Amino acid sequence: MLLKPIAFNGFASSCSTHNCFLKSLSVLILILLMALAFLLCFIKIQNYDMGFHLKAGQWIIENLKFPDHDEFSYTVPDHHYVDLHWLYQVVLYLVYTQAGDVGIVVGNSLLIVVNVFIFFCRIRFFGPVRFLPVALSLFIGLMAASSNFDVRPQVLSWTFLNLVLLNLEGYHHDAKTSLWLLPVIMLLWVNCHSLFVLGWVVIFCYLAGIFISRHFKVDRARVHSSHDGGTQPRKSQVGNLLKTRRLDQKLLTYGIASVLVCLINPYFVEGLHLPLIQFDLVGSSTNVFKKNLLELASPFSADSFSVSSYYNSSGFDCLHPVLFFHVYCVMAPVALAGRFIKKRAVVIHEALVFCLFYFLMAMAVRNIALFILAVSLPTVAAGFCDLSGFVRSPRSHVLCRTMALVHSVALVVFSLLLAVLIFKITTNSYYASRQSRTEFGYGYNKNIIPVDAINFIKENHLNERIFNHINFGGMLMFMLGQKVYIDTRTEVYGPEFFSTMYGVLKDKQVMLDFLKDVQPQIVIFPHRISQNWHAVFQAHPDWRLVFVDDIAAVYLRRGYADQIKELTEADLVEGNRIVTAAEIDALLNRTPHAPQGGLVSLLKVRRFPHRESDLTAFLVRNQWEKAALYMALHGLKKSEPSAYLYFTLGKLFLKKRDYARSYAAFNQYIKLIKHHRAIEDFMKTIAPRSGVSSQP
């Protein structure tokens with residue numbers, strides 16, 4: 001389908017060898033794009049929701065029924081639980097039992113590849129296409145949507161929505177196309193994910209769009225007939241025109257069937273109400289979830305999606321997903337306009353679907369891939385194909401051959417770019433270079449999921465009441481098999497519960513009073529993002545620290561499980577090794593080494609010292625300075641320099657009034673982040689006491 005119009009008309013060489021080369025190169029690019037789609041999803045499990053999906057699937061299989069009330073927390077057991085993800089959860093758990101973590105990651109990656117395949121099937125309904133605009137649009141779209149590519153049930157919604165649109169686009173292209181697949185898709189969708197209502201939205205858009213288009217065609221036909229030499233249209237012609245003004249009866253019938261079939265879910269009518277609740281979570285700007293959960297925030301207001309994200313310690317990052325997202329947000333409306341300019345008419349249903357889903361994407365970060373991968377990518381690719389059609393083939397034979405050469409070079413460069421990017425992904429350099437916590441591979445991502453802390457609780461048979469952070473709830477309930485305080489099922493707990501929870505965590509005394517009511521024996525939380533928790537438990541005599549790593553801290557109430565000794569500073573320093581002054585000065589005064597380039601960077605597996613950075617910050621807050629110094633210097637010896645580690649060391653030496661080393665650490669920090677006005681001004685104030693020049 002894409003190989004025939006591989007080159008611009010008139011630009012292709014008449015040489016059969018050259019055409020064969022272009023076709024071979026296009027096949028290579030298609031293979032590389034498919035590989036890129038697969039590898040961008042082949043990342044370690046980092047989604048906090050994964051735990052409760054696995055637990056729910058296990059519970060359904062073991063009990064042979066669907067959950068009606070919350071079965072997984074001890075706080076809201078009376079809250080109603082509508083589990084429309086049940087089919088996804090059951091399949092997920094079965095895959096996990098048969099193939100483990102690798103089966104889950106591979107399955108998720110294959111689903112993304114299926115979406116790319118559907119994209120190629122859909123684009124054939126958008127008119128003549130040209131290879132280079134299609135390939136570039138797909139590349140930009142994949143990179144822009146890759147921030148949503150972790151394992152989650154939304155991937156199934158993208159697939160189902162793609163299939164619905166494929167069926168509708170085929171019907172619009174040829175009215176003889178059967179629509180019987182629509183109810184089948186919707187039946188599966190409603191039992192896998194709550195976004196099934198988007199299928200209704202798309203069907204309605206096509207119904208309305210086709211009706212409006214036919215209405216205007218009828219009016220134009222009547223105007224033309226009334227001016228055709230003064231003659232009036234025959235009665236049969238008027239009858240045919242009036243028939244076209246009705247709603248498409250076939251599409252309406254299958255649309256109604258697609259709505260009614262959604263009642264076939266474990267919760268009947270109540271299951272159809274759940275999407276409205278979730279839409280309120282995303283749509284309301286005053287909602288507590290939208291204020292505190294990144295995936296519900298707008299990508300146009302979230303700090304992590306700002307222009308500053310383009311830069312890291314190595315400078316401008318031309319492969320950052322946020323950069324591609326911003327590029328796509330601009331090119332998508334341009335491509336849509338290009339389609340309408342080329343057609344000299346507005347395709348109503350296409351514009352409706354595009355605008356509605358662009359609005360949904362602007363509402364929440366988690367809808368980015370929904371808009372790009374499931375809805376707009378064929379429109380964008382076809383739009384740029386239409387825009388490229390305005391480029392006329394030059395009449396000059398020399399110019400024609402030159403443009404053919406430029407086109408060939410562009411394809412070669414593009415294929416090399418894809419190959420280099422694939423190497424960077426497989427060696428983890430793509431993630432390490434921008435200091436991302438995402439990691440290539442399978443299994444659990446221990447930079448995000450507290451696997452070691454949960455295993456510690458499990459191995460020591462700590463099965464009393466647990467008080468946990470929201471991020472850890474899902475994995476705790478699955479890996480420990482016991483009820484938790486809270487997890488990320490926002491619709492189960494409700495906004496009032498969350499408002500109370502966030503209010504409690506902001507005040508130290510209120511939290512202590514709250515703990516008296518909950519009466520937990522075990523507390524686990526991510527110390528990096530919950531520093532106020534650490535302040536409460538560190539200072540309170542009723543609690544003792546028994547485990548800490550870069551992700552989580554575990555505290556036990558005194559008097560419970562006393563056989564587990566309290567953690568000390570010496571436990572965190574291997575062999576009680578003392579860091580020498582020479583080692584400190586050597587690392588503080590060295591030139592931060594940039595990542596190696598060339599083939600070395602492509603072949604060498606790289607990592608960023610997140611573990612050492614986060615653990616050092618915890619040790620500093622805990623006033624374990626020797627252990628903090630040891631951990632920080634250990635981390636600085638890793639392949640990637642960490643500005644955060646230097647910043648932590650700067651604060652540590654400043655606290656010890658070692659101004660020379662504090663100045664040196666902050667100076668390294670400035671070198672890595674390029675500019676920080678507040679730190680630079682602060683360095684000028686301590687420069688006289690450090691014995692160095694006031695200029696950093």
Side-chain angles (χ1 to χ4, degrees), residues 48-52 54-56 58-59 62-63 67 69-79 81 444 446 449-489 492-493 497-498 500-502 504-505 508-527 529-568 571 618 622:
Y48 294 123
D49 298 346
M50 183 52 48
F52 80 72
L54 286 167
K55 181 62 180 178
Q58 180 186 19
W59 189 91
E62 291 176 351
N63 293 274
H69 290 79
D70 183 30
E71 302 284 347
F72 311 123
S73 76
Y74 61 81
T75 45
V76 290
D78 57 328
H79 283 203
Y81 181 27
Y444 292 111
K446 293 186 178 182
I449 305 297
V451 176
D452 293 336
I454 295 175
N455 285 334
F456 173 84
I457 295 174
K458 188 175 182 179
E459 291 167 0
N460 287 279
H461 308 289
L462 303 175
N463 51 18
E464 293 296 323
R465 176 167 288 193
I466 190 167
F467 180 68
N468 62 279
H469 189 274
I470 180 175
N471 291 352
F472 291 172
M475 294 310 301
L476 284 167
M477 69 173 65
F478 175 64
M479 296 182 70
L480 294 181
Q482 64 190 68
K483 294 189 176 183
V484 300
Y485 177 79
I486 194 173
D487 64 90
T488 55
R489 293 170 300 153
V492 175
Y493 294 92
F497 184 91
F498 268 84
T500 302
M501 177 71 180
Y502 282 110
V504 164
L505 301 181
K508 180 178 179 180
Q509 187 56 49
V510 174
M511 186 173 181
L512 290 173
D513 295 337
F514 180 74
L515 288 172
K516 291 180 182 179
D517 295 333
V518 178
Q519 287 296 312
Q521 302 297 320
I522 312 163
V523 174
I524 178 172
F525 60 91
H527 53 75
I529 62 177
S530 298
Q531 298 178 17
N532 55 329
W533 286 45
H534 175 255
V536 169
F537 293 106
Q538 178 198 24
H540 202 283
D542 288 348
W543 295 93
R544 56 196 178 93
L545 178 67
V546 295
F547 178 88
V548 67
D549 63 2
D550 54 313
I551 300 297
V554 178
Y555 283 83
L556 298 182
R557 188 182 292 275
R558 294 193 185 275
Y560 171 67
D562 288 334
Q563 73 278 8
I564 302 175
K565 70 172 186 175
E566 186 172 357
L567 202 63
T568 65
D571 295 328
F618 174 86
N622 211 47

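Fair warning: this is a prediction, and the values are worked out from it, not measured in the lab.
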Would you say the side chain of [Y] lies within less than 4.5 Å of the side chain of [X], judging by non-hydrogen atoms?
{"X": "I564", "Y": "F456", "answer": "yes"}
{"X": "K446", "Y": "D550", "answer": "no"}
{"X": "Y560", "Y": "I522", "answer": "yes"}
{"X": "V548", "Y": "L567", "answer": "yes"}
{"X": "F525", "Y": "N468", "answer": "no"}
{"X": "T488", "Y": "F52", "answer": "yes"}

Side-chain donor/acceptor of [X] to backbone N/O of [Y], under 3.5 Å:
{"X": "R557", "Y": "P520", "answer": "yes"}
{"X": "T75", "Y": "Y485", "answer": "yes"}
{"X": "N63", "Y": "W59", "answer": "yes"}
{"X": "D70", "Y": "H79", "answer": "no"}
{"X": "N460", "Y": "I457", "answer": "no"}

**Message:** Can you confirm if the aromatic rings of Y81 and H69 lie within a centre distance of less than 6.0 Å?
**Reply:**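 Between H69 and Y81, the centre distance exceeds or equals 6.0 Å.
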
**Item:** Residue pairs fulfilling side-chain hydrogen bond (donor to acceptor under 3.5 Å, both in side chains) with at least one residue in residues 534-547, sequence neighbours excluded
**Value:**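 Those involving residues 534-547 are H534-N622, Q538-N622.
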
**Item:** Contact list for residues 510-526, test side-chain hydrogen bond (donor to acceptor under 3.5 Å, both in side chains), sequence neighbours left out
**Value:** Q509-D513

Could you give the distance from [atom1] ([X]) to [atom2] ([Y]), rounded to the nearest 0.5 Å?
{"X": "M479", "Y": "K458", "atom1": "CE", "atom2": "NZ", "value": "6.5 Å"}
{"X": "N532", "Y": "H527", "atom1": "CG", "atom2": "NE2", "value": "13.5 Å"}
{"X": "H461", "Y": "N463", "atom1": "NE2", "atom2": "CG", "value": "9.0 Å"}
{"X": "K483", "Y": "R465", "atom1": "NZ", "atom2": "CZ", "value": "10.0 Å"}
{"X": "H469", "Y": "I529", "atom1": "NE2", "atom2": "CD1", "value": "4.5 Å"}
{"X": "N471", "Y": "I524", "atom1": "CG", "atom2": "CD1", "value": "11.0 Å"}

**Request:** Output yes when K565 and D571 qualify as a salt bridge under the 4.0 Å nitrogen-oxygen rule, no when they do not.
**Result:** yes

**Asked** Is any side-chain N of the basic residue among R558 and E566 closer than 4.0 Å to the acidic one's carboxylate O?
**Response** yes

**Request:** Any chance you could lay out the side chain to side chain contact (heavy atoms under 4.5 Å, CB included) test for I449 and I551, step after step, and finish with the verdict?
**Result:** CA-CA 7 Å; I449 305 297; I551 300 297; over 6 Å; no

[X] versus [Y], closest heavy-atom pair with distance:
{"X": "A552", "Y": "F472", "result": "CB-CE1, 3.7 Å"}
{"X": "I466", "Y": "L480", "result": "CD1-CD1, 4.4 Å"}
{"X": "A553", "Y": "F618", "result": "CB-CE1, 4.2 Å"}
{"X": "F72", "Y": "A56", "result": "CZ-CA, 3.9 Å"}

**Modelled atom types, side-chain donor and acceptor of D487 and Y48, under 3.5 Å** =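 Their side chains do not contain a donor-acceptor pair, so the 3.5 Å distance test is not met.
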
**Message:** I'd like to know whether Y444 forms a side chain to side chain contact (heavy atoms under 4.5 Å, CB included) with M475, so could you lay out the CA-CA distance, the side-chain angles of the two residues, the decisive distance to 0.1 Å, and finally the verdict.
**Reply:** CA-CA 10 Å; Y444 292 111; M475 294 310 301; 3.4 Å; yes

**Request:** Applying side-chain contact (heavy atoms from CB on, under 4.5 Å) between V554 and each of V523, I454, V546, L545, report the one that passes.
**Result:**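 Only one option passes, and that is V546.
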
**Message:** For a side chain to side chain contact (heavy atoms under 4.5 Å, CB included) check, start with the C-alpha distance between F537 and L515, then their side-chain angles and the critical distance, and finish with the verdict.
**Reply:** CA-CA 11 Å; F537 293 106; L515 288 172; 3.6 Å; yes

**Request:** Tell me, please, which residues at least two apart from Q531 pass side-chain contact (heavy atoms from CB on, under 4.5 Å).
**Result:**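 R621.
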
**Message:** Angle between ring planes, W533 versus F467, binned at 30° and 60°: parallel, tilted or perpendicular?
**Reply:**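 Rings of W533 and F467: parallel, under 30°.
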
